[in-house]
Number of protein chains: 2
Amino acid sequence: MRGIGAIKETGGESGLTERQAVVLEQALRLLVDGGEKALTTAGVARAANCSKESLYKWFGDRDGLLSAMIAFQASKVRTLEVSPETLDAASLRAHLVAFAKDLLEVLAGDVSLALNRLAIGQASREGSKLGHLLQERGRRQIGRRAGALLEAGRKAGLLAFTDAEEAYGALYGLVVSDWHLRLLLGEALGDMKKDFSRRAESAVDAFLTLYGTKG
Amino acid sequence: MRGIGAIKETGGESGLTERQAVVLEQALRLLVDGGEKALTTAGVARAANCSKESLYKWFGDRDGLLSAMIAFQASKVRTLEVSPETLDAASLRAHLVAFAKDLLEVLAGDVSLALNRLAIGQASREGSKLGHLLQERGRRQIGRRAGALLEAGRKAGLLAFTDAEEAYGALYGLVVSDWHLRLLLGEALGDMKKDFSRRAESAVDAFLTLYGTKG
DNA sequence: CTCCAGCAGTACCGTACGGTACGGTTCGTA
DNA sequence: TACGAACCGTACCGTACGGTACTGCTGGAG
């Protein structure tokens, strides 16, 4: 069934049928709208116009579906990985600000919040399988982009740090602070919706004060 | 029933019977051990040697029990609120480091993690009642301590900031970074168990670089 | 001693969900 | 046309949980 599959599969990348992608899309929508309780197998089947039997054939069981949802969402959010070869102080700052804004946008996204809530709720029992998956697929990705940027800054003599991980931790903390937790706890981001720019800029300025070499 | 209650109540503060305190204690233990799924009304009743009927009489319904658990735990963790009147650079740094270590200890605590997971899991539906409660009872408390400390530092001419909230956000971010989220997602804190001191110190040093006036 | 409030223990009910089984239908292939 | 695989829709089953009702037992007040 694999040989002829070229007709039925959406792309060789992930081994997902279009049908299955639709299912995962609808499942994510249900999760975003109503939380984990709303994510029932019957509900997903109804929303995606498929049968529960197919669900179990494709994803094994409910946990398999959850894992597939995380992997699916991660595969959609591909962070552009640009590490420019020519850097001056201004362009480094601009790149850092862009990164910080992207980080805030991603973390405040509906689907990201819903998946994080799901994984956190599941973390107590079962060895936190979903938590590891989310960490691996999500944070690693965005962490690599920041790492490359920081490394480029150091190569250009614009940044000074010994431990890249520590520097990245400082940048992340200055940008995010406790925003992520507050959003996860249900605080409406309402008013602060577009403080993203201002917040990103002051965080980056603080970061450059700590790790910049100009002066 | 209130007049004679002095015999039966544990303290006039919270209006909780000893019996009810035992129930909440056992409920917290169940939550820490097995997550929200393990926190069933029957399980709590069995663990606390009381009847389900009493549970519902005392707490209304399951959500009432959850709220009571959060309030109960918050009432136990009373943060010492010291804002010394005499401050020099060294003692300010020591106070900040102590605060940072306490913050890390609290956030990494079993019960804190379990309650945060519970509130986050509940945050999707129902207007995030538990999230607000946790925010109000937990963060407000520790935020006030930090606020007093920062204000004292400014009064003594050791710190310079215009927006206290922003300064506190920077301190929090530098200290915590993404540790809290990683712990919530189930990452074992295993090896990093006692990096608390080192981490607190470097975070405070960075904070003082940003907001200190010495130099 | 009597009475009564409070509570443990348990049985019970309705519901909702995860997972399975089955009939009917579509569609590609020979 | 005939066959078979995939699959939708639905019915079904076992279980587990939230919430309620009932039966005693105990201990203190009069």
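Every chain is numbered from 1, with letters handed out A, B, ... down the list of sequences. Heavy-atom basis, side chains included; hydrogens, waters and symmetry copies ignored.
The separation between A:R62 atom CZ and C:dA16 atom P is 16 Å, rounded to whole Å. To the nearest angstrom, P of D:dA16 lies 9 Å from NZ of B:K37. In this structure, the CG atom of B:D61 is 9 Å from the P atom of D:dT20, given to the nearest Å. To the nearest angstrom, C1' of C:dC17 lies 14 Å from CG of A:D63. Here C:dC7 presents its C1' atom at 9 Å from CZ of B:R19, a figure rounded to the nearest Å. In this entry the distance linking CZ of B:F59 with C1' of D:dG19 reads 16 Å, nearest Å.
Nearest nucleotide to the B:T41 side chain, out of C:dG18, D:dC7, D:dG18: D:dG18. For A:Y56, whose side chain is taken as the heavy atoms from C-beta onward, the closest listed nucleotide among C:dG9, D:dG19, C:dG19 is C:dG19.
Atom CZ of A:R139 is separated from atom CG of B:L181 by 9.0 Å, given to the nearest 0.5 angstrom.
Taking the six-membered ring for Trp and the full ring otherwise, A:W179 and A:F196 have centroids separated by under 6.0 Å.
For A:D110, there are no salt bridge (Lys or Arg N to Asp or Glu O under 4.0 Å) partners at least two apart in sequence or on another chain.
Between the A:R117 side chain and the B:Q122 main chain, no donor and acceptor come within less than 3.5 Å of each other.
Using a 4.0 Å cut-off, some side-chain N or O of A:W58 falls inside it from OP1 or OP2 of D:dC7. Listed pair A:S54 / D:dA6 fails the phosphate criterion, with no side-chain N or O lying under 4.0 Å from OP1 or OP2.
A donor-acceptor contact under 3.5 Å is formed by the side chain of B:K52 with the base of D:dG19.
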